[in-house]
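Keep in mind the model is a prediction, meaning the values are calculated, not measured. Numbers here simply count residues along the sequence, with the first being 1.
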Amino acid sequence: MPHVITQACCADASCVHACPVNCIHPTPDEPDFATAEMLYIDPVSCVDCGACVGACPVGAIVPHTELAPEQRAFLQINADLTGDDRPSRPQARVPTLVRLGPTRTTVRVAVVGAGPAALYAADELLRQPGVEVTVFERLPVPHGLARHGVAPDHTSTRAVADLFRAIEDQPGFGYRLGVHVGEDVTAAELAAHHHAVVYATGAGTDRPLDIPGTDLPGSTSATEVVAWYNDHPDHADAHVPLDHERAVIVGNGNVALDVARILATDPERLADTSIARHALEALRNSRVREVVVLGRRGPEHAAFTLPELVGLAARDDIDLRVDAPDGIDPDAATTRQGRLKAEYLARIAARPAGEAVPADGTSGPGVTAATGDTGDTERRRIVLRFQTAPVEVVGTERAEGLRVVRTDLVGGETGRVRAVPRPGSEETIPAGLVLGSVGYRGVEVPGVPFDPDTATIPSREGRVLDAVGGSVVPGLYVVGWIKRGPRGFLGTNKTCARETVNSLLADANGGLLPTPRSAAAFEDLLGAAGRNRPFATPSRMRTR
């Protein structure tokens, strides 16, 4: 009875380390771990011990006999991903954590940001005796994108909050919520009152679409819509017009699929989730019946992960269609997972309109619903449209559509495929909502080195570097997306955090950390300026 992984990998790798027979791949020390969309369990090697089930922080591993109907496709996906070229080792190597040597004083560390990277760093630091960690967050609630970036219907991914609560309950951990570093307290003041400061501010904004018309009302970013329906305090009043039958999303990563799925889901199906009440009411009055998701390149280059596609394709309440003008060539994919994704897209494209892909992943008949033109179909529709590039958001007083052009795929000298406009192929897609979903971008913290080209804090092994001379800034460290850019999965931050914390601990052992002013002096500083916010304990925080 093999166990099966049923969603995109969070890259925490706890399941890999828990497996006694090394049947979960890729492992962190295998070259494709960093690029794999999901891990898989070799059904031949699996001994059904169940050790991986308890280790998974998001509950993604299930015995094959307990798969829900919508998860059955993953049994075949795990089998298809299995290869015979994996080395045989008892388990993956676990990076060694540097140990803090004897110290005469408590090492006080400030962590700026309260998302997954920040809390993984705090967890690694609190494994050491004599360390205190205070997490500073400008919002009144913690957990960053794990709270405000995960779709409300992805309840298993949101379960990682249980892991965060365990970190928050450790001795030596504290929050200062509602304190904005750079405004309420300067970076210099924070550094002067702590032995070390770890910046984990993530990528706080989105990359804009570089086309005309994006300033029109009704043209915004998918990340703003995600924040809007997840009750982010900065976006509760966002204007998300849903008074047109069609919305268009430019970009086809997981965020784009999340937004498309939420817009196309019956609101009553979302009523028992953590979705913001204002967003639920707006969706109940929505006229949107079709969401078009655009990708510049071909299906084999789609940025969304295979598990996201499988889950969407199995929905019997959403009519999923694929528009691939030059067809789908699975052999053009450069990875095994990419090939499987292309094959799955080809299966969707070949089925009759209105038919869902069966939950077991076969090519047999699925659930058929009423079909017709947009607005006449019983089910809402999502169209995955490939080889299409945006040209201009069109409209007068608001967005009324998106002018696009078909693209041809051209191979470059580096082997990367480029999408170039196809002459004479322009058209306008009528839409009342146009969303860009082309990635996140880091935001500069005043007083902290910042590289505007990469939108990251320059660093080496987690140590912050002076932006001018490239030398190490004593006592300053960085982790997460603001360190490495917006890439990787939730648990990728765990490996990233260990590298940074190891550098910090090594510097502490080497006597390289600055000597800070007292904790009492920091309290006086905040209080004198009216910036001493009430301390928030985990038990007082409302978690959704």
Side-chain angles (χ1 to χ4, degrees), residues 34 95-113 115-128 130-136 181-182 185-204 441-488 492-519 522:
T96 302
L97 182 65
V98 171
R99 306 306 301 179
L100 181 64
T103 177
R104 296 180 180 179
T105 183
T106 299
V107 176
R108 302 197 317 274
V109 181
V111 177
V112 182
L119 293 178
Y120 279 131
D123 184 40
E124 298 287 4
L125 286 163
L126 292 172
R127 297 172 188 267
Q128 312 294 320
V131 175
E132 290 183 355
V133 176
T134 302
V135 175
F136 291 78
V181 175
V185 59
T186 68
E189 289 170 337
L190 199 64
H193 291 84
H194 294 84
H195 291 88
V197 180
V198 179
Y199 284 91
T201 51
R441 180 178 172 84
V443 177
E444 182 175 5
V445 178
V448 179
F450 186 75
D451 182 348
D453 293 333
T454 61
T456 61
I457 295 174
S459 65
R460 183 185 305 122
E461 296 180 340
R463 297 179 176 92
V464 173
L465 302 177
D466 181 87
V468 178
S471 58
V472 171
V473 181
L476 293 192
Y477 302 87
V478 63
V479 69
W481 278 4
I482 194 64
K483 168 187 173 184
R484 65 183 191 274
R487 60 181 184 273
T492 310
N493 294 301
K494 190 171 185 179
T495 305
C496 178
R498 176 155 289 196
E499 178 189 61
T500 295
V501 170
N502 272 345
S503 293
L504 190 159
L505 295 174
D507 291 346
N509 289 337
L512 301 177
L513 297 183
T515 301
R517 298 169 192 168
S518 68
F522 187 61

To the nearest 0.5 Å, what is the distance between CG (L97) and CG (L505)? 6.0 Å
Please identify each residue that fulfils side chain to side chain donor-acceptor pair (under 3.5 Å) with E499, with sequence neighbours left out. K483
Does some side-chain heavy atom of V98 sit less than 4.5 Å from a side-chain heavy atom of N509? yes
What closest approach, in Å, do A497 and A117 show between heavy atoms, and which atom pair accounts for it? CB-O, 4.3 Å
Just grab all the salt bridge (Lys or Arg N to Asp or Glu O under 4.0 Å) pairs involving residues 115-124, residues at least two apart or on different chains. D123-R127, E124-R127, E124-R498
About how many Å separate CG of N493 and CZ of R484, when rounded to the nearest 0.5 Å? 4.5 Å
Does the T134 side chain pair with the main chain of A110, one donor and one acceptor, at a distance under 3.5 Å? no
Between V111 and A200, the two heavy atoms sitting closest are CG1-CB, 4.4 Å
Can you give me the closest heavy-atom contact between G442 and I482, atom names plus distance? CA-CD1, 4.0 Å
Using side-chain heavy atoms (C-beta onward) and a distance below 4.5 Å, is V131 in contact with L100? yes
Got a sec, which residues hit side chain to side chain donor-acceptor pair (under 3.5 Å) with D466, two or more places apart in sequence or on another chain? none
Could you go step by step and tell me if V112 and V198 meet the side chain to side chain contact (heavy atoms under 4.5 Å, CB included) rule? CA-CA 6 Å; V112 182; V198 179; over 6 Å; no
Looking only at heavy atoms, which two atoms of Y477 and A196 are closest? And how far apart? CE1-CB, 3.8 Å
Member of T500, V107, V133 meeting the side-chain contact (heavy atoms from CB on, under 4.5 Å) criterion with L125: V133
Atom pair OG1 (T456) and CG (D451), whose distance is rounded to the nearest 0.5 Å: 5.0 Å
Quick one: which of T105, T515, D507 gives a side-chain contact (heavy atoms from CB on, under 4.5 Å) with H195? T105
Is there side-chain contact between T201 and V443, with at least one heavy-atom pair below 4.5 Å? no
Quick one, Y199 and V445 - any side-chain contact, counting heavy atoms below 4.5 Å? yes
Distance-minimising heavy-atom pair for S459 and V478: CB-CG1, 3.4 Å
Side chains of V109 and H194: closer than 4.5 Å at any heavy-atom pair? no
Rounded to the nearest 0.5 Å, the CG atom of L126 sits from the CD atom of E132 at a distance of 9.0 Å
State, to 0.1 Å, how close P486 and A203 come at their nearest heavy-atom pair, and which atoms those are. CB-CB, 4.4 Å
Are any non-hydrogen side-chain atoms of L190 and F136 less than 4.5 angstrom apart? yes
Relative to the ring of H193, is the ring of F522 parallel (under 30°), tilted (30 to 60°) or perpendicular (over 60°)? tilted
Taking the side chain as every heavy atom from C-beta outward, state whether Y120 and T495 have any atom pair closer than 4.5 Å. no
Hey, is the main chain of E461 close enough, under 3.5 Å, to the side chain of S503 for a donor-acceptor pair? yes
Here the gap from R517 atom CZ to R108 atom CZ, rounded to the nearest 0.5 Å, amounts to 11.5 Å
